[in-house]
2 protein chains.
Amino acid sequence: MPATIYDVAKRARVSIATVSRVLNNSDLVSEKTRERVKKAMEELNYSPNVIASALTKKSILTLGLLIPDIANPFFAELARGVEDASVDFGFNIIICNTDYRSDKETEYIRLLKQKSIDGFIISTAYYNDENVINLIKSNTPLVLMGRDIDRADMPVDVVVSDNVRGGYIATKHLIDLGHKNIACLLGPPQIKVNLEREKGYLKALEETNLKVRPELVAFGEFKVEFGFRKAIEILNSVHKPTAFFAANDLTAIGVIKAARYMGLEVPRDISVVGYDNTMLAEMVDPPLTTINQQMRKMGYMATELLIKRIKGKRSPGQKIVLDVDLVVRRSTGELFNRG
Amino acid sequence: MPATIYDVAKRARVSIATVSRVLNNSDLVSEKTRERVKKAMEELNYSPNVIASALTKKSILTLGLLIPDIANPFFAELARGVEDASVDFGFNIIICNTDYRSDKETEYIRLLKQKSIDGFIISTAYYNDENVINLIKSNTPLVLMGRDIDRADMPVDVVVSDNVRGGYIATKHLIDLGHKNIACLLGPPQIKVNLEREKGYLKALEETNLKVRPELVAFGEFKVEFGFRKAIEILNSVHKPTAFFAANDLTAIGVIKAARYMGLEVPRDISVVGYDNTMLAEMVDPPLTTINQQMRKMGYMATELLIKRIKGKRSPGQKIVLDVDLVVRRSTGELFNRG
DNA sequence: TTACTAAATGAAACCGCTTACATTTATCTT
DNA sequence: AAGATAAATGTAAGCGGTTTCATTTAGTAA
């Protein structure tokens with residue numbers, strides 16, 4: 001039903017090749033002809049069929065976004081940045097929720113490749129992720145976002161934030177408030193950022209000559225439930241800390257809930273620093289002091305990088321590290337010596 | 001590089017037509033041949049090219065999801081349900097953030113139509129939405145999700161929840177707690193759900209012979225900021241209410257913040273009921289009493305409905321109304337006579 | 001066995017656009 | 001003005017499938 005390139009060609013009294021050239025802004029068309037073709041397009045309300053052109057061009061102007069779960073505000077923010085960049089560059093994005101499952105991810109990749117997707121934005125990469133490595137090997141355009149792999153031998157584009165610094169300034173903030181006994185709740189150790197944030201945490205402690213207590217450091221999940229459970233466990237132990245650094249806002253919220261559950265007040269009895277600065281941080285009570293990650297910017301830049309790669313303007317291997325900063329709200333306070 | 005239908009045909013010593021038939025599970029292929037072809041596919045690691053088949057079939061197994069903003073937890077939940085259904089039925093979804101802008105929406109629709117998208121799931125419909133009406137007129141498969149239009153003459157599939165009932169049980173809950181002076185903060189009046197929730201609110205008041213005070217009812221935006229600002233305004237007025245019904249969790253959180261800002265305690269001085277039951281509701285302090293909307297289910301069912309329509313199994317015109325329920329947390333309490 | 005029908009397969013056109021190559025037209029030299 | 005060159009346009013062969021229609025093969029009845 002909709003007009004095709006043939007209809008336009010007929011109306012403009014040229015060949016379809018010429019119409020195609022106009023469509024692709026080729027400079028092999030005279031101004032006069034170009035105008036005539038454009039007019040015909042207008043009159044026929046012509047709209048090119050992307051599918052047809054994808055068949056030869058192998059590009060459908062669509063990117064695949066692999067994230068664990070869009071319902072998680074952190075990934076939703078990233079996704080928003082990704083989508084914003086996509087429209088700016090004339091692309092669309094297909095969203096894929098992997099639920100942290102490698103098999104789901106593999107299946108998505110297979111499916112999207114069938115659809116001639118132009119590239120992948122991946123936020124689910126583990127330390128040594130098979131799916132990612134296979135994609136790189138097959139030379140599929142991709143960019144890692146917020147997650148890095150550990151293969152220096154493979155050229156890959158990455159946009160992350162400075163996690164070591166994040167862990168450091170979070171911990172430093174607590175130390176500056178007088179805390180000496182600081183717990184650290186991290187996400188899964190397979191995700192590199194957690195190792196880096198821990199590194200920052202340790203660096204801050206060591207720099208201040210504070211003792212590192214392994215019992216106060218725990219890896220787990222990026223969930224409220226983990227923060228809640230682990231905080232209770234740690235608060236009941238002998239080394240009762242006065243502050244927590246949680247490697248994600250959800251975990252931090254779990255800690256706040258745990259404190260409240262145990263009759264402790266935040267920040268009077270327990271200070272808590274989160275990570276990410278999701279919208280949750282300002283909703284929760286008390287509003288959460290946290291490390292701001294610039295998720296949207298990260299999403300935007302990752303997408304921009306990928307699109308440039310797709311357009312052949314560059315080859316992979318770039319690593320962009322975004323800065324982080326501390327957002328002080330009301331979940332942290334000075335340590336008072338109360339005996 | 002990847003194997004095509006021709007490679008498979010050659011290896012299985014059949015024509016490409018036969019391979020295509022196997023691909024489409026046609027029953028015009030003998031068992032023997034079918035096996036042979038399948039074996040060849042295996043051996044060649046063949047994977048059909050969706051783009052090529054889309055050119056004739058006009059279906060690319062992809063749906064467009066139009067929402068205002070994925071960073072809003074309500075829409076993120078819906079999106080998750082949509083995506084879950086998509087994978088279950090072999091589809092993918094393209095996400096579109098319209099930012100409540102009709103022009104952005106129009107542009108997305110144009111773009112996705114060029115890409116031979118199979119249908120649209122729309123969660124941005126206004127009362128009398130031009131874009132939606134045009135789509136319906138052009139017979140494009142679509143389903144409205146969580147939003148309805150007001151055109152009884154147009155056959156359209158809709159999955160919504162019972163907003164009148166939601167407004168009713170929220171208000172009833174407050175009345176049962178002894179509140180007589182209940183404010184109602186709604187979203188934009190162009191969105192039909194707000195009118196419906198107001199209707200439920202009014203019904204509960206009238207049923208109990210409580211006076212309706214127009215000064216206590218306000219339309220605005222689904223945002224924290226609106227709840228905050230409007231609650232302060234209303235709390236400073238002469239008809240100082242003891243409870244608020246907010247038509248969305250974000251607005252309710254704004255109300256809680258306003259109360260705190262004014263030195264009032266929730267729920268001792270002010271009770272607050274939200275709407276949606278997003279994850280925010282249990283994160284906030286105090287945890288929010290709210291109306292649960294079953295967003296994931298809504299997303300899932302809407303998508304299922306759409307896909308059935310696409311597959312030609314049904315024609316449009318169905319309206320599914322999901323039930324809502326009250327989730328009592330700690331932002332609501334009995335009204336004590338302190339005066 | 002033959003004749004006839006149903007089942008299985010193949011040949012080729014087509015989906016709408018891109019592009020290599022051929023051809024025509026315009027522009028420039030001398 | 002003829003010849004050479006560059007610019008503009010057209011022809012036709014793909015891209016990787018689907019599908020109609022013709023043809024071959026198998027199955028059944030007489």
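Each chain gets a letter, A, B and so on, in the order the sequences are listed, and its residues count up from 1.
Of the side-chain N and O atoms in B/Y6, none sit less than 4.0 angstrom from OP1 or OP2 of D/dT18. At the phosphate of C/dT18, OP1 or OP2 sits under 4.0 Å from a side-chain N or O atom of A/N24. At least one side-chain nitrogen or oxygen of A/K58 sits closer than 4.0 Å to the OP1 or OP2 atom of D/dG16. Contact annotation: B/T56 does not reach the phosphate of C/dC14 (side-chain N/O to OP1 or OP2, under 4.0 Å). Contact check, B/S15 against C/dA11: no side-chain N or O comes under 4.0 Å of OP1 or OP2.
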**OP:** Decide yes or no on side chain to side chain donor-acceptor pair (under 3.5 Å) for A/N131 and A/E105, but give the supporting numbers first.
**Re:** CA-CA 8 Å; A/N131 284 322; A/E105 187 170 295; 3.2 Å; yes
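Across C/dG16, D/dT9, C/dC17, the shortest atom-to-atom separation from the side chain of A/L55 is found for C/dG16. Of the candidates C/dG10, D/dG16, C/dC15, the closest approach to any side-chain atom of B/A17 belongs to C/dG10. Closest to the side chain of A/I5, out of C/dA8, D/dT18, C/dC17, is C/dC17. The nucleotide whose nearest atom lies closest to any side-chain atom of A/R21 is, among D/dG16, C/dT9, D/dT9, D/dT9. Between D/dT9, C/dG10, D/dG10, one nucleotide has an atom nearer to the side chain of A/S30 than all others, and that is D/dT9. Nearest to the side-chain atoms of B/S20 among the listed nucleotides C/dT9, D/dT18, D/dG17 stands D/dT18.
For the side chain to side chain donor-acceptor pair (under 3.5 Å) criterion with A/D157, the lone passing option out of A/R314, A/K319, A/Q318 is A/R314. Considering A/D99, A/T98, A/D103 in turn, A/D103 is the only one that fulfils the side chain to side chain donor-acceptor pair (under 3.5 Å) rule with A/R101.
At whole-Å resolution of the value, CG in A/L23 and P in C/dC17 are 7 Å apart. With rounding to whole Å, A/L28 atom CG is found 18 Å from C/dT23 atom P. The distance between atom NZ of A/K115 and atom P of D/dG16, rounded to the nearest whole Å, is 19 Å. Computed from coordinates, the A/D7 CG to C/dC15 C1' distance equals 13 Å when rounded to whole Å. Put simply, CZ on A/R13 is 16 Å from C1' on D/dG10, counting in whole angstrom units. Distance A/E35 CD to D/dA8 C1': 16 Å, rounded to the nearest Å. Atom pair A/I51:CD1 and D/dC15:P shows a separation of 18 Å (rounding to whole Å applied). Atom P of nucleotide D/dG16 and atom NZ of A/K113 are separated by 16 Å, given to the nearest angstrom.
If you take CG on B/D84 and CG on A/N97, they are separated by 6.5 Å, rounding to the nearest 0.5 Å. We find the CD-CG distance between B/Q293 and B/D323 to be 11.0 Å, quoted to the nearest 0.5 Å.
Using a 4.0 Å heavy-atom criterion, one finds that B/I16 contacts the bases of the nucleic acid, with or without backbone contacts as well. B/V19 comes within 4.0 angstrom of no nucleic acid atom, judged by non-hydrogen atoms across all strands. Using a 4.0 Å heavy-atom distance criterion, B/V50 is classed as making no nucleic acid contact. Residue B/D27 is in sugar-phosphate contact alone, with no base atom involved, counting any heavy-atom pair closer than 4.0 Å across all strands shown. Heavy atoms of A/S53 sit under 4.0 angstrom from primed sugar atoms or phosphate atoms, though from no base atom.
Nearest-nucleotide assignment on DNA chain C puts the 5′-proximal partner with A/A52, out of A/T18 and A/A52. Mapping B/A3 and A/E31 onto DNA chain D via the closest heavy atom, the residue that lands nearer the 5' end is A/E31.
Between B/F75 and B/Y100, the two ring planes are perpendicular [angle over 60°; tilted spans 30° to 60°].
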